[in-house]
Enquirer: 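I'd like to ask you about the structure that follows.
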Amino acid sequence: MKRGLVIIVLMLSACSDLPVIRQVPLSMRTGITSTCMKAYPGGQWTAVHSIDITLPGGGHSMMLGVTSRTAHGLHSVLMSPEGMVLFQGDLTGGKIHVQRAVHPMDDPEFQRRMFNDIRRLFFPPGQGPALVGRAQKRIICRWVMPGRVVDVTPGDPLVVREYRHKRLRLVIRYRGPFKGGFAHRMVLQTRGLLGYKMVFTLVSAKGRAR
Amino acid sequence: MKTVKILCLTVVLTWAASDCAADTWQKLRGQMQGIRSIRADFVQEKTLKILQNPLISKGIFLFKAPDMIRWEYKSPVRVVSLVHGDTVRRYVFTEAGKWVPDSSNSLQAIRMVMHRIIGWLTGRFNQDAMFEATYRAGPPARVVLTPKDRHLSAIISGVDLVFSDIPGVLREIVIREGADNTTRIRFENVRLNKPIPNTRFRVVQ
């Protein structure tokens, strides 16, 4: 009975996926932060990706995506390989404006999740990391938001891990070479029963600052 | 009296025009029905306002009369749609290097599009329940298809089937989805009436 209780306590304490960070000296922060930010293209740009989607349950689908960042906001177009526009819309001032949406992309919840994924892929979680340090033999830049923590580990692949309530929910891997600030390949994978995976391969990119 | 004359003239001209149109469709159909198979490369140019340059996709197109199609994209994505009679299949080439069936909801739409294309390739332009066909002599000669249904016209405003110098052979298909949104599919290296094994329309590899 006592042994069972000990096992349960050990299992519960092991529920946190979030590693504890040992912070690096302040002098190293700026350099490490800039390597963590390598995933995120700055300025204004337009990028085309092929998207290989693994749906919950294991099915596959293929799409072409055009994403554009302008001074006004974010513009997204999703197309079938045949060129049929399935979704076209903007995210400006935190609001989604749909120009065209073919079922099932006419679902506002789908659109909200899609723009969230785009933001995760192309934008840092916040201004600058709250913590920069080492954990589990990795260098980590950590952003802390209410109920959410995002760790970025530089390298090839550069890896983004998103935790909700200390449980790992999403991983993005950026693989080089980086061209004009864009990774050749980005693999976004969510955890859980309805987990899905999207592999973005860069087709072309125009513009960009930084 | 003058009104009656104009009315008579209108009736005669309308009758003559419809007779001429019927002749045109008959002639076109005759030309296209002489084609038993097509093998072509295609280049697809997608124009969008958001893109500075068109997005180029490439692939191969196979057709075998009466009802077989292989529509295969080679770049930038690898996707193939196979039509063999009533059976329509679609496969995607995954990053893991394998062909797998497409699990998206697009199969019904692909089935509809492929059967339209078979109809066009066999010259059945004016028998389409979804599109109104108009022939323009050109050059180049073209059939302009306009959606009859307003729901469809919200997605596609029109399709142009442009003919090459070879009678009955399409040079390009232009699909207009709206202002600044056009897909142009250009056929190249067209080879007609060469034998193509049926397996090419059933098996992905």
Side-chain angles (χ1 to χ4, degrees), chain A residues 44-70 74-86 88-90 99-106 173 175 184-187 189 196-207, chain B residues 42 44-59 71-81 90-110 112-114 117 151 154-156 173-185:
Chain A
Q44 296 182 18
W45 45 262
T46 301
V48 181
H49 289 90
S50 67
I51 312 169
D52 176 354
I53 304 162
T54 308
L55 305 161
H60 274 270
S61 179
M62 195 72 83
M63 267 193 250
L64 290 164
V66 185
T67 316
S68 182
R69 186 194 187 187
T70 66
L74 207 54
H75 190 80
S76 170
V77 179
L78 285 177
M79 287 180 277
S80 71
E82 291 79 11
M84 172 70 75
V85 173
L86 306 170
Q88 184 165 6
D90 297 300
Q99 278 106 55
R100 181 187 173 108
V102 175
H103 184 75
M105 297 183 186
D106 52 351
R173 288 188 167 79
R175 289 190 185 276
H184 168 66
R185 187 164 283 187
M186 304 181 287
V187 181
Q189 190 158 16
Y196 56 91
K197 181 180 170 185
M198 295 193 285
V199 181
F200 293 74
T201 305
L202 186 67
V203 176
S204 66
K206 290 267 180 202
Chain B
F42 70 83
Q44 178 180 294
E45 288 180 17
K46 181 71 193 178
T47 309
L48 284 169
K49 194 177 179 183
I50 189 176
L51 290 171
Q52 278 181 19
N53 301 312
L55 172 60
I56 306 290
S57 302
K58 291 181 179 180
W71 187 281
E72 181 172 358
Y73 286 85
K74 301 252 187 195
S75 72
V77 292
R78 291 186 70 187
V79 174
V80 61
S81 297
R90 186 172 154 95
Y91 296 89
V92 299
F93 193 76
T94 68
E95 46 115 21
K98 283 193 298 187
W99 285 105
V100 296
D102 183 351
S103 308
S104 68
N105 298 332
S106 62
L107 203 60
Q108 204 178 336
I110 294 294
M112 191 272 278
V113 170
M114 290 297 160
I117 292 173
H151 296 293
I155 300 169
I156 296 174
I173 299 174
V174 183
I175 303 159
R176 293 183 303 277
E177 290 182 54
D180 308 312
N181 179 353
T182 304
T183 309
R184 184 181 296 273
I185 302 165

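Chain letters run A, B, ... following the sequence lines, proteins first, then strands; residues in each count from 1.
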Enquirer: Got a donor-acceptor contact below 3.5 angstrom from the B/Lys46 side chain to the A/Gly83 backbone?
Expert: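 Yes, because the side chain of B/Lys46 sits within donor-acceptor range (under 3.5 Å) of the backbone of A/Gly83.
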Enquirer: Under a 4.5 Å heavy-atom cut-off, does chain A meet the side chain of B/Ile50, its backbone, both or neither?
Expert: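 Backbone plus side chain of B/Ile50, per the 4.5 Å heavy-atom cut-off to chain A.
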Enquirer: Which one wins on heavy-atom pair count under 4.5 Å against chain A: B/Thr182, B/Ile156, B/Ile185, B/Asp102?
Expert: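 Winner by heavy-atom pair count: B/Asp102.
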Enquirer: Please classify the contact of B/Asn181 with chain A as side chain, backbone, both or neither, using a heavy-atom distance under 4.5 Å.
Expert: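 Just the side chain, heavy atoms under 4.5 Å.
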Enquirer: Could you walk me through whether B/Ile110 and A/Glu82 pass side-chain contact (heavy atoms from CB on, under 4.5 Å), step by step?
Expert: CA-CA 10 Å; B/Ile110 294 294; A/Glu82 291 79 11; 3.7 Å; yes
Enquirer: Where on B/Gln52 is there a heavy atom nearer than 4.5 Å to chain A: the side chain, the backbone, both, or neither?
Expert: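 Only the side chain of B/Gln52 comes within 4.5 Å of chain A.
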Enquirer: Identify which part of B/Ile175 has an atom lying under 4.5 Å from any heavy atom of chain A, answering side chain, backbone, both or neither.
Expert: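 Neither part.
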Enquirer: Hey, which of B/Phe93, B/Trp71, B/Trp99, B/Tyr73 is the one that makes side chain to side chain contact (heavy atoms under 4.5 Å, CB included) with B/Val80?
Expert: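 Exactly one candidate clears the test, B/Trp99.
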Enquirer: Check for a donor-acceptor pair, side chain of A/Thr201 on one end and backbone N or O of A/Arg185 on the other, with a separation under 3.5 Å.
Expert: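 Not at all, since once roles are kept as given, no pair shorter than 3.5 Å links the two residues.
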Enquirer: Ignoring hydrogens, what is the shortest heavy-atom contact between A/Gly65 and A/Leu78? Give both atom names and the distance.
Expert: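 The answer is CA-CD2, 4.1 Å.
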Enquirer: Does any heavy atom of chain A fall under 4.5 Å from the side chain of B/Glu177, the backbone, both, or neither of them?
Expert: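 Contact with chain A: backbone and side chain both.
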Enquirer: I would like to know whether B/Val100 and B/Val92 meet side-chain contact (heavy atoms from CB on, under 4.5 Å); could you show each step before the answer?
Expert: CA-CA 6 Å; B/Val100 296; B/Val92 299; 3.7 Å; yes
Enquirer: Out of B/Thr183, B/Ile155, B/Val113, which one racks up the most heavy-atom pairs below 4.5 Å with chain A?
Expert: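 Between B/Thr183, B/Ile155, B/Val113, the count favours B/Ile155.
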Enquirer: Check the surroundings of atom CZ in A/Arg173: do more than 12 heavy atoms from other residues, nucleotides or ligands lie under 6.0 Å from it?
Expert: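 No, the 6.0 Å shell around CZ holds no more than 12 heavy atoms from other groups.
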Enquirer: For A/Val85, is it the side chain, the backbone, both, or neither that has a heavy atom closer than 4.5 Å to a heavy atom of chain B?
Expert: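 For A/Val85, heavy atoms of backbone and side chain both lie under 4.5 Å from chain B.
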Enquirer: Contact part of A/Met63 toward chain B, heavy-atom cut-off under 4.5 Å: side chain, backbone, both or neither?
Expert: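 Contact with chain B: backbone only.
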Enquirer: Please look at B/Arg90 and chain A and tell me whether the side chain, the backbone, both or neither of the residue comes under 4.5 angstrom of a heavy atom of that chain.
Expert: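 The answer is the side chain of B/Arg90.
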Enquirer: Pick one of side chain, backbone, both or neither for A/Leu86, based on which atoms fall under 4.5 Å of a heavy atom in chain B.
Expert: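 It is neither, since no heavy atom gets under 4.5 Å.
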Enquirer: For the interface with chain B, which of A/Met62, A/His75, A/His103, A/Met79 has the highest count of heavy-atom pairs at distances below 4.5 Å?
Expert: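 The residue among A/Met62, A/His75, A/His103, A/Met79 with the greatest pair count is A/Met62.
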Enquirer: Report which part of B/Thr94 has an atom under 4.5 Å of a heavy atom belonging to chain A: side chain, backbone, both, or neither.
Expert: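 Both backbone and side chain.
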Enquirer: Where do A/Val203 and B/Pro76 come nearest, in terms of heavy atoms and distance?
Expert: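 Taking A/Val203 first and B/Pro76 second, the nearest heavy atoms are CG2-CB, 3.8 Å.
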Enquirer: Check whether B/Ala154 gets within reach of chain A through its side chain, its backbone, both or neither, counting any heavy atom under 4.5 Å.
Expert: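 Just its backbone gets close to chain A.
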Enquirer: Where do A/Ser68 and A/Thr46 come nearest, in terms of heavy atoms and distance?
Expert: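 Nearest heavy atoms, A/Ser68 then A/Thr46: OG-OG1, 3.1 Å.
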